[in-house]
Structure formats: structure tokens, C-alpha cells
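One structure is given here, and the rest of the page talks about it.
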Amino acid sequence: MRRILLLSLALPTMLTGAWALLAPASWHGDFPGFDRDWLPFFGAYNEHLARDYGGALLALGILLAWAALSPRVRLARAIPAAFLAFALPHFVFHVANAGELPAGDEVVNLVTLVLSVLIPVALLLIPPEGAASMRAPASGPDGWRLPPARPRGVVDRITYAITRRRFGHVLGPIQMAAHNPPILKGYTLYELLLERADGIDPRLENLAAHRAATMTGCPFCIDFGEGHLPDLGLSAQQVRDVLKWRESDAYSDDERLVLEYAEQISDTPVAVDDELFDRLRERFDEAAIVELTAAIAFENYRGRFNHALGLGSEGFCDRSQGSSQMGLASASTALPR
């Protein structure tokens, strides 16, 4: 509701501001539109004041929209950005109309206008207080074999911001992959597309991936899975019994099928037998099988990547359940046959 109310203010404010800023004569003569023209009743048209009013409204609308879309935004960055939306068009107008004032006044005016643009730009470039802790800690948790990487480019910063907003902190695998920006971009793009794919029930896909995580013994992956599988509708017993699914009565036939497939893909060497694959084809179409295979294979990538770099659990299970249902130590036990 808060976001809806903020956007209900932001959108008309930004539209009116942009109209007055970009087409001041049209705005003065035609506002509010719909064959109505209110403003001429209140005085003659003045381009300077119309553009300044439009810039100020646009800046206010940006602040409102920013607050709606990024509730955790730091005002130390939002306010200079909004002021720049007003100051830059104001500066451009005066440069385009230079010579209207006496020479001395013109110089003073232009100097102050340049400063009104440079100061907010500088404020946007200078990290606000506490920004270091928002991006990444100076040193990672015990066990990490590489220090956390700081985001280098725009895409990296967006990735950090999204993961922080979604999970409450920047995930360890992201901070590791960021040491090599192309790897980070490929990693996050694959994660995004795999999450958006809808060829198979996400419960089955994530259950199979979780079984793969237990086979690589990746503490981060197991912790993440135990924390999020209940959100997909899997019961506590299903999460708890994933290592002994053959003996458990908690799983459906489809769930048993994808768990078996996850084991055969994740075994070393890989050994997916024809009989199992034939059963998969009886239950799922080609798109579903490809998506399921990709999810299991990518979980093997995650597990081996995280394990090699010493990434441990990050408290997802603790937040959702209070304690681990499975126990990370048991995850690295031999594959039951």
C-alpha cells in the first residue's frame, strides 16, 4: 500500500514536471489537457519560470518514485540525484540564453549554475557514510579462501544491490564471482534465466537440486535449500528425509523420480541409465527434462564452486526454521545405494 500511494504521487508529478520542462509553452497553454487550459487565467507565460517549475516537479517526482521502488534507499544519494534533475536543465537553459544579463551578472550567474551541477555530481560519486559496509566487508568470514570482491561496474553494483535487497546481504558466491566480472555476469544471468524458466514444477526442480547439493556436501547450498524449500510447499519431513528418500514415505512418485535422476547426474562418473531416462520421458516433456537437467547440473557447479572457495552456510535455515533439519555434517556422507 505504501508503494502504491507513493507511486500515485510520483507518476503525475513526474509527468507534469517533464511536460513543463520539455515543452513549457504547451504546458502553459494546455494544462491540464483534455481541452482545458487553466494557467493563462493566472498570468502571462514565462519560459524561465515554467522550465524551473517543471524541473522542480520532476525532481520531487524522482524522490517519490525512488522511495516507492527502493524503500531502503539512502537519502545521501537520492537527494543529490533529485536536485540534479532540477539543476542540469536550469543550467542548460541559461547557457542557451546567455547574454540576457549584464556581463558581470552573467558571469556570477553561470558560475553559481555550474556549481549547482558539479556539487550534486560530486555527492553522487563520493560514497556516503557507511557505504563500505553496504557493499562488502573488508574481510570475509573464516574459511573463505579469497577476500570478498567489491563491485566494479554498473552491472556488478546492480547485482549486489538486488541480492542485498532480496536476501538481506550480498551472498558469498556473488562476492567470490565478482573477482572476475565476466564470470559474475554469466553466473547471475544463468541463475536468473533458470529461475524464470517454467517447464517443470519448481518443487520438483528445487528438490532435485537440493539432493545434488547434499551429494557435493556444499554447506552454503544445503543451508540455502533447507531455508527455501518450505516456501515451495515441501514439508519438514521431505526436507529432513532427502538423504534417505528411498526408505521414506514422504515423497510422491514424481519426487522419487527426480531425486533418483539427481543422484545419477551428480555421481562421479555420471551414470544416467536408459531405463531411468525412459521413465522421465513418460512423465515429462522435453522442455521439462532439459530444465530439470540444467538445474541439477548447475547445482553441481554451485556446490563445487562454493566448496572449493570455502563458502559456508549463511543462516538461511536458521531464519526460516530455527535450526537445520538435516545437519550439514550428514550431507557429505556416502551416496546410499
Side-chain angles (χ1 to χ4, degrees), residues 155 159 162-163 166-167 171 173-174 177 182-218 220-235 237-239 241-308 316 326 331 335-337:
V155 175
T159 301
I162 291 174
T163 55
R166 183 171 179 181
F167 302 111
L171 302 182
I174 297 295
I183 296 297
L184 176 63
K185 292 176 178 64
Y187 175 85
T188 53
L189 180 60
Y190 198 91
E191 287 277 16
L192 176 64
L193 295 178
L194 187 60
E195 182 177 324
R196 296 291 176 87
D198 59 358
I200 190 170
D201 185 342
R203 293 173 68 257
L204 297 175
E205 179 179 323
N206 284 272
L207 178 63
H210 189 60
R211 181 63 184 113
T214 64
M215 293 183 65
T216 61
C218 169
F220 175 91
C221 305
I222 297 168
D223 173 53
F224 189 92
E226 289 190 358
H228 289 85
L229 285 176
D231 295 338
L232 298 173
L234 289 159
S235 68
Q237 184 180 357
Q238 287 177 309
V239 177
D241 289 354
V242 72
L243 287 174
K244 53 180 182 179
W245 61 268
R246 285 179 173 82
E247 296 79 31
S248 175
D249 59 0
Y251 302 99
S252 68
D253 290 342
D254 283 350
E255 289 164 347
R256 292 177 180 279
L257 183 59
V258 301
L259 284 166
E260 185 178 358
Y261 190 47
E263 287 185 350
Q264 292 197 7
I265 289 179
S266 304
D267 205 358
T268 303
V270 177
V272 179
D273 61 56
D274 292 338
E275 184 274 334
L276 172 60
F277 204 84
D278 288 341
R279 285 190 281 133
L280 282 169
R281 297 206 65 175
E282 291 175 1
R283 291 293 303 124
F284 306 112
D285 61 20
E286 287 85 352
I289 293 174
V290 167
E291 184 177 333
L292 177 64
T293 305
I296 296 168
F298 196 61
E299 183 54 52
N300 274 269
Y301 166 84
R302 293 190 197 104
R304 298 173 194 279
F305 179 89
N306 297 343
H307 225 317
F316 292 104
M326 181 191 308
L335 173 65
R337 291 297 186 190

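Quick caveat, the model's predicted, so the values are computed rather than measured.
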Nearest 0.5 Å please: distance from the CG atom of Leu192 over to the OH atom of Tyr187.
12.5 Å

When rounded to the nearest 0.5 angstrom, what is the spacing between CZ in Arg211 and CD in Glu260?
11.5 Å

Work out which heavy atom in Leu232 is nearest to a heavy atom in Pro202; give both atom names and the distance.
CD1-O, 3.9 Å

Please report the closest heavy-atom contact between Gln264 and Val272, naming both atoms and the distance.
OE1-CA, 3.1 Å

Do Ser266 and Ile296 touch side chain to side chain, with heavy atoms closer than 4.5 Å?
yes

Using only atom types and a distance under 3.5 Å, with no angle test, would you say the side chain of His307 pairs donor to acceptor with the backbone of Gly217?
yes

Could you check if a side-chain atom of Leu234 sits within less than 4.5 angstrom of a side-chain atom of Glu255, using non-hydrogen atoms only?
yes

Between Ala209 and Glu299, what is the shortest heavy-atom contact and its length?
O-CG, 2.9 Å

Would you please indicate yes or no on a ring centroid separation below 6.0 angstrom for Phe224 and Phe167?
yes

What closest approach, in Å, do Asp267 and Met215 show between heavy atoms, and which atom pair accounts for it?
N-CE, 4.0 Å

Does Asp253 CG have over 12 foreign heavy atoms under 6.0 Å away?
no

Rounded at 0.5 Å granularity, tell me how far CG in Leu229 sits from CZ in Phe316.
13.0 Å

Taking everything shown except Asp274 itself, do over 12 heavy atoms lie less than 6.0 Å from its CG?
no

So, taking the atom named CG in Leu204 and the one named OH in Tyr261, what distance separates them when rounded to the nearest 0.5 Å?
13.5 Å

Tyr251 (side chain) donor-acceptor with Gln238 (main chain) under 3.5 angstrom
yes

Between Asn206 and His228, does the side chain to side chain contact (heavy atoms under 4.5 Å, CB included) criterion hold? Intermediate values first, please.
CA-CA 9 Å; Asn206 284 272; His228 289 85; over 6 Å; no

Side chains of Arg302 and Cys218 in contact at under 4.5 Å (non-hydrogen atoms):
no

Main-chain N/O of Gly199 paired to Glu291 side chain as donor or acceptor, under 3.5 Å:
yes

Set out, in order, the CA-CA distance, both residues' side-chain angles and the distance that settles side chain to side chain contact (heavy atoms under 4.5 Å, CB included) for Asp249 and Gln237, then state yes or no.
CA-CA 9 Å; Asp249 59 0; Gln237 184 180 357; 3.5 Å; yes

Checking side chain to side chain contact (heavy atoms under 4.5 Å, CB included) for the pair Cys221/Thr216: CA distance, chi angles, key distance, verdict?
CA-CA 9 Å; Cys221 305; Thr216 61; 5.6 Å; no

Nearest 0.5 Å please: distance from the OG1 atom of Thr268 over to the CG atom of Asn300.
7.5 Å

Where the side chain of Arg256 meets the backbone of Trp245, is there a donor-acceptor pair that is under 3.5 Å apart?
yes

Taking the six-membered ring for Trp, are Phe298 and Tyr190 parallel (under 30°), tilted (30 to 60°) or perpendicular (over 60°)?
tilted

Do NZ/NE/NH1/NH2 and the carboxylate oxygens of Arg166 and Glu195 come within less than 4.0 Å?
yes

When every non-hydrogen atom of Arg283 is compared with those of Leu257, the smallest separation belongs to CG-CD2, 3.9 Å

Can you check whether Leu292 reaches Leu280 side chain to side chain, under 4.5 Å on heavy atoms?
yes

Closest non-hydrogen atoms of Thr293 and Ile289, given as atom of the first, atom of the second and distance, are OG1-O, 2.7 Å

Would the distance check show the side chain of Ser248 and the main-chain N or O of Lys244 forming a donor-acceptor pair, the cut-off being under 3.5 Å?
no

To the closest 0.5 Å, what do you measure between CG (Leu259) and CG (Leu207)?
4.0 Å

